[in-house]
There are 2 protein chains.
Amino acid sequence: MSKTHQYKFPRPALTSDCVIFGFDGGELKLLLIEREKEPFKNRWALPGGFVFLDETTEECAKRILQEKAGLKNVFIEQLYTFSEVDRDPRERIVSVTYYALVDKQHYELIAGRDTLKVEWFALSELPKLAFDHTKIVKLAIQRLKGKISYRPIGFELLNEKFTLSQLQALYEAILEQPIDKRNFRKKILGMGLLKALNEKEKNVAHKAARYYSFDNRAYRELTQKGFHFQI
Amino acid sequence: MSKTHQYKFPRPALTSDCVIFGFDGGELKLLLIEREKEPFKNRWALPGGFVFLDETTEECAKRILQEKAGLKNVFIEQLYTFSEVDRDPRERIVSVTYYALVDKQHYELIAGRDTLKVEWFALSELPKLAFDHTKIVKLAIQRLKGKISYRPIGFELLNEKFTLSQLQALYEAILEQPIDKRNFRKKILGMGLLKALNEKEKNVAHKAARYYSFDNRAYRELTQKGFHFQI
DNA sequence: AAATTTTAGTGTTCTTTTTACACTAAGTAC
DNA sequence: GTACTTAGTGTAAAAAGAACACTAAAATTT
């Protein structure tokens, strides 16, 4: 990359912010960090940071997830780019935002390693957020709600093996509406995307449910044949 | 905005590029401009330009549409942010892309006003594009194809008044599949989103079709009541 | 060890939506 | 006024979605 053609325009700074979703079996949660510095010192915020010259915005988002929340190998997808001129009081900052879906249980312990204060908040009990982060979160929720029905991304929020009841509870939490158990099972099993495992729940005070896992390979094959996931 | 907190990181340049869709009654078209300078001199490209400090990326995209293609008051929506490190051979450039839907007929004359060479290309006959613009176009087509069915954005590609056959032809072109005439009419009229005008086609060598217009007000009201557009 | 509590797991009927399909009407060109 | 072309219309069959209630199995309590 030669410097000879460098553009002279003053440039907005470029950051990446992440909306991190988790699911605890009953409710959707968001991972937030507490800001240590001004502006918005001590306010909760989305983890974010500046995009370096040698990384894509997605790589940046993944780096931030790792550095600020201890999350690794996580599903992320671009959400939207926010560019309001006054979104940061210090200077012009454009943010390419991502949303991440993580298996909360799997990461709970790792999340504390960094020195920052990191906490899960129920969507219904979000604190006031720094910058325009509330707006970003709202869009992320809307996107997740829209996408969960026609793309099999919900599995990213669950353990690799899960029961059908857990899966249903997840859909009910995200869509914010009850789903008929029999119809749900009929539909999801009818797609042929779930592998029934020879394993059941243990130490539950009721009939133990069978575990299933998402069959990624089958999904790819079906998709090629024109199949469309739809809950 | 004080300069005291300015970040020292070297910054990617930020641009905005626009994928402009038009419809000529039979086929989807794309508006491209020919590059006057290196790199990719004389190659066709998406209109684009640098984001200034005092404008959002969306305002930038609208400015570019106006400056480079003579388009004004156009429907645009953010597509995706492309940030591959090597997408421009000169230096690191991140591009926030938009797609625009325009009534091609309405703008045909104005488009030539700028000094740049500007031309409509059928999607099936796109030339080799500069930079990663082919990738951007592919994503835009995919997005349009996905969105046209559940958001009433197709009307942006038609004149304010249109016949049902024109509307159907548009859907068939975008979805790349034939649609049954009677079922299409039943569905679209059943939504109550079209105002039947007291006006018919003129100078056509066959039965003249009635004109309709999209009823934006009805759409907003229905949407509030939980209605979901769906073709 | 019997009874209680709790969630897992299963089919059928009715309703709604989607699909498939063919003829008459109205305008212009010749 | 005949030919040509596209507009405009309804019904029946198939598929998908919605509504609904009981038995099975595990741990806990009595």
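By convention in this document, chain letters (A, B, ...) are assigned in the order of the sequence lines, proteins followed by strands, and residues within each chain are numbered from 1.
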Decide yes or no on side-chain contact (heavy atoms from CB on, under 4.5 Å) for B/L157 and B/I174, but give the supporting numbers first. CA-CA 11 Å; B/L157 288 161; B/I174 295 176; 3.9 Å; yes
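The stretch residues 179-201 of chain A comes close to DNA chain C through A/K181, A/R182, A/R185, A/K186, each having a heavy atom under 4.0 Å from the strand. Non-hydrogen atoms lying under 4.0 Å from DNA chain D are contributed by nothing in residues 152-165 of chain A. Residues of residues 221-231 of chain A having a heavy atom closer than 4.0 Å to DNA chain C: none are found.
Over its length, the helix from C/dA1-D/dT30 to C/dC30-D/dG1 turns its helix axis by 10°, as judged from the five terminal pairs at each end, rounded to 10°.
Between A/E59 and A/R63 no salt bridge is recorded (no basic side-chain N to carboxylate O distance below 4.0 Å). The existence of a salt bridge linking A/D24 and A/K104 is excluded, since no basic side-chain nitrogen approaches an acidic carboxylate oxygen closer than 4.0 Å. At a threshold of 4.0 Å, the pair A/E221-A/K225 does not count as salt-bridged, since none of the basic side-chain nitrogens sits closer than that to a carboxylate oxygen.
Chain B approaches DNA chain D within less than 4.0 angstrom (heavy atoms of the protein), and the contacting nucleotides run 5' to 3' from D/dT5 to D/dT11.
Using cut-offs of 30° and 60° on the angle between ring planes, the pair A/Y219 and A/F229 is perpendicular.
Annotation: A/F23 is not in aromatic contact with A/F21 [ring centroid separation under 6.0 Å not met].
Residue pairs that meet the salt bridge (Lys or Arg N to Asp or Glu O under 4.0 Å) test with at least one member in residues 143-164 of chain A, sequence neighbours left out, are A/E77-A/K147, A/K145-A/E176, A/K161-A/E199.
Of the listed nucleotides (C/dA29, C/dA25, C/dT7), C/dA25 has the atom at the smallest distance from the side chain of B/K207.
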